[in-house]
Every structure is written in C-alpha cells, then in structure tokens.
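Working notes, structure below.
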Amino acid sequence: MSIPTLSRDTLAVSLHPAKPQTPGLCDKGLLRGAIGLTVITLAGFGFLYSLAGVGLGQALFPAPANGSLIERDGRVVGSALVAQPFSSARYFQSRPSAAGYNPMALAGSNQSRTSPELRARLDAARAEAAQREGVAPALVPSDLVTQSGSGIDPHVSPQAAAIQIARVARERGVASEAVQALVAQHTEDRQWGVFGAPRVNVLALNLALDRMAAAAAQSAR
C-alpha cells in the first residue's frame with residue numbers, strides 16, 4: 001500500500017492554518033452611534049424629562065411649583081415656605097434665625113447642646129420673649145428661643161402662637177377672642193394626619209390680622 005506524500009506547501013498550510021479574516025471596524029459607524037446616543041440623551045433626559053417634570057408640577061401642584069408665593073393687593077409679599085422677621089409688636093413673631101432670615105444663606109447655629117455660647121443665647125432669648133409677652137420665662141415655648149436648622153422655618157407651634165395672642169390683641173386694640181379665632185383658623189394639622197406636628201404659618205396669620213383690621217376699618221366708616 002502506498003503512502004500519500006504531502007507537498008511542502010500543503011504541509012505548511014496544515015501546520016499553520018490561515019487565520020479567519022475579521023472585517024475592519026468602520027470609524028464612521030462608531031462616530032454616528034456616539035453622536036446619536038449623545039443627541040438622544042441630551043434631548044430625552046436633558047430637555048424632555050425636565051419639561052415633563054415642570055409640566056406635571058404646574059398641573060398637579062401649581063402653588064408649590066411656583067414657590068408658594070403669597071400676594072396682597074396684587075403684590076408678592078413673601079412665601080409660605082420662608083420665614084420673615086416682624087419687628088412690630090402688632091404682629092406675631094417668627095422663630096429666631098441664625099441665617100438672618102436670608103433664604104440664600106440657609107444655616108443653623110451648629111452649636112452643640114453643651115456650648116456655653118448657646119446656653120447664654122437661649123437664656124437671653126427666653127428672657128426677652130418672656131418680657132415681651134408678659135409671662136414667666138419657664139412658660140416660653142422652646143421654638144420661640146431656638147433657631148431652626150434651615151434658618152427660615154415659616155411656622156411656630158400652636159403654643160408659641162397662643163402665648164402671643166394677648167400682646168397682639170392689646171397692641172391692635174381688639175378682643176383676644178378674635179385673635180384666638182384667627183390662630184385656630186391658621187393652625188395646620190399634621191401632614192396627612194401622621195407626619196410632623198401641628199403648626200401655624202406666621203406670615204399667613206399676620207396677613208389675616210391685617211385683613212381683619214382693614215375689614216373693621218371699612219365697616220366703621
């Protein structure tokens with residue numbers, strides 16, 4: 001039986017088989033895909049997503065979406081979300097603010113409970129509030145002497161509002177019952193009846209006081 005012989009070329013091919021040819025990558029295809037993904041990302045997530053969020057906010061929650069602004073006589077006087085200082089004794093006072101009621105500088109005092117400076121400031125604020133409201137220092141609610149974490153908390157507790165009723169009524173020359181009724185009307189319950197605590201929006205309450213005074217002056221004419 002004869003044994004077939006392999007030529008040199010055949011032997012070389014069998015020992016070193018040719019590698020399969022891979023098609024070359026197209027730079028144009030890669031660039032087109034990258035540009036397409038960039039456009040889709042910018043248009044979808046940078047524009048359409050933001051536009052949809054703004055539209056839903058305006059449709060479902062128009063007041064909060066626009067800053068919960070409060071107007072009087074067609075003029076914006078503040079926001080229901082931002083505290084303001086009230087120096088006149090005719091108005092209810094807001095919580096103290098470490099940020100000076102500046103919404104661009106939100107901050108607390110960052111002082112620890114053991115800080116001597118904090119204790120001295122609380123004692124001074126409590127004495128001042130007690131003298132202003134004509135009560136004993138021990139009866140001053142804590143939120144009238146402590147600063148909120150944000151510095152612009154627009155609310156006080158019902159207790160902090162109640163202790164100011166006598167002073168506001170005296171300064172405005174109205175019955176305490178009328179002011180007390182306004183406080184009750186502007187006392188908000190817990191969020192969804194579960195979260196937070198009952199609270200009173202100071203700006204809204206003070207504007208209601210001015211409306212009551214304007215109505216009384218109008219009826220007296």
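No experiment lies behind these values; they were computed from the predicted model shown.
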Listing, residues 124-138 side-chain donor-acceptor contacts under 3.5 Å, not counting sequence neighbours, or none:
from	atom 1	to	atom 2	distance (Å)
Glu133	OE1	Arg167	NE	3.2
Glu133	OE2	Arg167	NE	3.4
Glu133	OE2	Arg167	NH2	2.8

Checklist entry - Just by distance, do the side chain of Ser115 and the backbone of Gln111 share a donor-acceptor pair under 3.5 Å? => result no
Checklist entry - Can a salt bridge be assigned to the pair Arg172 and Asp210 using a cut-off of 4.0 Å between side-chain N and carboxylate O? => result yes
Checklist outcome for this item: Heavy atoms of Ser112 and Leu118 approach each other most closely as O-CD2, 3.0 Å
Checklist outcome for this item: Heavy atoms of Val145 and Leu122 approach each other most closely as O-CD2, 3.4 Å
Checklist entry - Is the Phe45 ring parallel, tilted or perpendicular to the Tyr49 ring (thresholds 30°, 60°)? => result tilted
Spacing of [X] atom [atom1] and [Y] atom [atom2] [to the nearest 0.5 Å]:
{"X": "Leu139", "Y": "Leu144", "atom1": "CG", "atom2": "CG", "answer": "12.0 Å"}
{"X": "Ile40", "Y": "Ile35", "atom1": "CD1", "atom2": "CD1", "answer": "12.0 Å"}
{"X": "Asn206", "Y": "Gln84", "atom1": "CG", "atom2": "CD", "answer": "9.0 Å"}
{"X": "Leu203", "Y": "His186", "atom1": "CG", "atom2": "NE2", "answer": "9.5 Å"}

Item to check | Any side-chain donor near an acceptor of the partner, Gln164 and Gln93, under 3.5 Å | outcome: no
Checklist entry - Going by atom types alone, do Arg199 and Thr187 pair a side-chain donor with an acceptor below 3.5 Å? => result no
Could you tell me whether the side chain of [Y] reaches within less than 4.5 Å of the side chain of [X], counting heavy atoms only?
{"X": "Arg119", "Y": "Arg113", "answer": "no"}
{"X": "Ile70", "Y": "Val76", "answer": "no"}
{"X": "Pro198", "Y": "Arg190", "answer": "yes"}
{"X": "Val156", "Y": "Arg95", "answer": "yes"}

Are [X] and [Y] connected in the hydrophobic side-chain network, where two residues link if heavy atoms are under 4.5 Å apart?
{"X": "Leu106", "Y": "Val202", "value": "no"}
{"X": "Val54", "Y": "Leu69", "value": "no"}
{"X": "Met212", "Y": "Ile165", "value": "yes"}

Next on the checklist: Per the ring-ring contact (aromatic ring centres under 6.0 Å, His included) rule, what does the pair list look like for residues 73-95, sequence neighbours excluded?
Outcome noted: Phe86-Tyr91
Next on the checklist: Is it the case that atom CD in Glu117 sees more than 12 heavy atoms from other parts of the structure closer than 6.0 Å?
Outcome noted: no
Checklist outcome for this item: Across all chains, not counting sequence neighbours, the salt bridge (charged side-chain N to carboxylate O under 4.0 Å, His left out) partners of Asp143 are none
Item to check | Sole residue of Ser94, Pro154, Ser68 in side-chain contact (heavy atoms from CB on, under 4.5 Å) with Asn201 | outcome: Pro154
